[in-house]
Novice: 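Right, I'll just put the structure down here and ask away after.
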Amino acid sequence: MAAIRHALTPHSHESADLVDDALEASRSGMRALWLSFGGLVVTAVVQLVVVGFTGSVALLGDTLHNFADALTAVPLAVAFLLARRAATRRFTHGLGRAEDLAGLVILLVMAASALLAGWEAVDRLLYPRAMTGAGWVALAGVVGFVGNELVARYRIRTGRRIGSAALVADGLHARTDGFASLGVVLAAGGAMVGWTWADPVVGLLITVTILVVLRDAAREVFGRLLDAVDPHLVDDAEHALADTPGVVTVDSIRLRWIGHTLAAEAEVSVDPQRSLAEAHGIAHAAEHQLASALPRLARALIHAHPANGVNIGAGAVKEA
């Protein structure tokens with residue numbers, strides 16, 4: 001998929017263009033955050049109005065949940081702003097990893113949502129409560145579902161495009177909240193036919209759904225924190241380096257995500273009869289090959305040494 005995206009997207013190896021790409025990714029992330037923030041706030045306000053004249057406890061919980069989800073945009077926005085700061089002698093890779101820390105905050109919000117939903121469901125099972133204005137409650141639930149699903153699709157699509165695991169996790173969170181709103185519709189339908197147990201049972205199902213999505217989001221976020229990458233990216237990198245004219249073997253390749261950009265380190269061997277200048281040129285060509293294979297690559301260090309293992313110190317560094 002990365003190769004397909006790259007084939008359809010103009011690409012340049014110039015440092016200025018790479019910096020522009022990184023800034024554009026941050027701008028896209030910020031735009032996705034604030035537009036989805038506005039969408040969730042509008043959704044929650046509409047639901048709050050309905051809560052005001054129906055007194056629905058289920059809808060109140062969903063409304064508060066949507067307000068809380070909107071606020072998850074705050075840590076992500078802070079992370080995107082920090083990622084724009086230039087590297088310093090203290091933070092030599094910049095502050096792109098702040099995005100992964102924001103992902104942890106989102107996981108905590110998701111966990112709290114699951115806990116709250118489960119608590120409310122059990123409470124309603126033990127202490128049943130009558131629902132009034134079920135029709136309006138169902139309509140508000142539909143509004144909540146549509147609003148959350150639109151936000152989820154936008155965040156997930158943008159997060160995958162710019163390589164932001166935190167933004168994808170936030171999109172998945174919004175999607176679970178959409179199902180929570182749909183659960184409110186089912187609970188309202190149950191209330192219409194006198195099924196007082198429908199509301200808490202649906203609440204428990206929503207809790208299970210949130211936990212499943214939380215597990216998947218946690219795997220992604222913690223994977224980023226532990227420098228996990230898609231093995232297909234490593235394969236693409238190895239093939240790109242091996243196809244570089246002058247490269248004899250690819251001895252090692254290491255990739256890591258820093259925010260929504262990739263950093264790479266690689267060692268390649270060249271013919272020991274090559275001069276230092278030639279080895280450096282091969283390493284530079286390998287770096288260009290690597291940048292073509294990995295569209296989200298922002299910096300790379302390619303070290304070339306003779307095939308017999310004697311270090312000649314040739315390398316090429318790219319940084320954006």
Side-chain angles (χ1 to χ4, degrees), residues 1-26 83-97 99 162-163 224 226-320:
M1 291 302 294
I4 294 174
R5 287 197 302 271
H6 180 66
L8 298 176
T9 305
H11 185 76
S12 171
H13 299 298
E14 296 296 328
S15 295
D17 292 329
L18 291 166
V19 172
D20 288 343
D21 288 344
L23 288 175
E24 181 56 35
S26 293
R84 293 183 182 182
R85 293 191 176 185
T88 65
R89 293 183 65 84
R90 179 174 177 79
F91 299 100
T92 55
H93 284 286
L95 297 174
R97 298 300 287 268
E99 193 173 318
I162 69 175
R224 286 292 181 89
L226 296 173
D227 289 333
V229 296
D230 187 338
H232 292 298
L233 290 177
V234 180
D235 293 339
D236 291 342
E238 288 179 337
H239 293 155
L241 293 173
D243 290 341
T244 304
V247 171
V248 177
T249 60
V250 179
D251 299 313
S252 69
I253 176 72
R254 291 180 294 275
L255 302 175
R256 65 162 54 178
W257 285 99
I258 301 177
H260 46 266
T261 61
L262 276 170
E265 298 177 12
E267 292 185 0
V268 299
S269 63
V270 300
D271 189 332
Q273 300 302 317
R274 299 274 191 176
S275 67
L276 179 62
E278 289 175 324
H280 180 80
I282 292 171
H284 192 65
E287 172 262 312
H288 278 260
Q289 288 277 91
L290 193 60
S292 297
L294 305 176
R296 296 308 311 160
L297 187 69
R299 57 176 66 91
L301 172 63
I302 311 297
H303 189 81
H305 59 81
N308 61 11
V310 179
N311 195 329
I312 59 176
V317 179
K318 179 197 74 163
E319 185 171 350

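All values derive from a computational prediction rather than experimental measurement.
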Novice: CD of Glu267 to CG of Leu301: how many Å apart, nearest 0.5 Å?
Specialist: 9.0 Å
Novice: Taking atom types as modelled, is there a side-chain donor on His284 or His288 under 3.5 Å from an acceptor on the other?
Specialist: yes
Novice: Indicate yes or no for a side-chain donor-acceptor contact from Arg97 to the backbone of Arg224 under 3.5 Å, with no hydrogens or angles considered.
Specialist: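 Confirmed, Arg97 side chain pairs with Arg224 backbone.
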Novice: Does a side-chain heavy-atom distance below 4.5 Å link Asp251 with His305?
Specialist: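 A side-chain contact exists here, since the closest heavy-atom pair is under 4.5 Å.
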Novice: Kindly say whether Val248 contributes a backbone atom to a donor-acceptor pair with the side chain of Ser269 at under 3.5 angstrom?
Specialist: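 No, because the side chain of Ser269 does not come within donor-acceptor range (under 3.5 Å) of the backbone of Val248.
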Novice: What's the separation between atom OG1 in Thr244 and atom CG in Leu290, rounded to the nearest 0.5 Å?
Specialist: 8.5 Å
Novice: Drop me the distance from Ile253's CD1 to Asp236's CG, to the nearest 0.5 angstrom.
Specialist: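 Separation between the atoms: 11.0 Å.
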Novice: Can you tell me how far the CG atom of Leu241 sits from the CD1 atom of Ile282, to the nearest 0.5 Å?
Specialist: 12.5 Å
Novice: Side-chain contact test, heavy atoms from C-beta onward, threshold under 4.5 Å: evaluate it for Leu262 versus Trp257 and give yes or no.
Specialist: yes
Novice: Check Ala304 against Ala283 and note the closest heavy-atom contact, atom names and distance.
Specialist: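 Of all heavy-atom pairs spanning Ala304 and Ala283, the closest is CB-CB, 4.2 Å.
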Novice: Return yes when atom CZ of Arg254 has more than 12 non-hydrogen atoms of other residues, nucleotides or ligands closer than 6.0 Å, and no otherwise.
Specialist: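 Correct, the count exceeds 12.
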Novice: About how many Å separate OG1 of Thr261 and CZ of Arg256, when rounded to the nearest 0.5 Å?
Specialist: 11.5 Å
Novice: Restricting to non-hydrogen atoms, name the atom on Ile302 and the atom on Ala286 that form the minimum distance, rounded to 0.1 Å.
Specialist: CG2-CB, 4.0 Å
Novice: For His239, enumerate each residue passing the side-chain contact (heavy atoms from CB on, under 4.5 Å) test, keeping only those at least two apart in sequence or located in another chain.
Specialist: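 By the side-chain contact (heavy atoms from CB on, under 4.5 Å) rule, His239 matches Asp235.
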Novice: Quick one: are Ile258 and Arg299 in side-chain contact, heavy atoms under 4.5 Å?
Specialist: yes
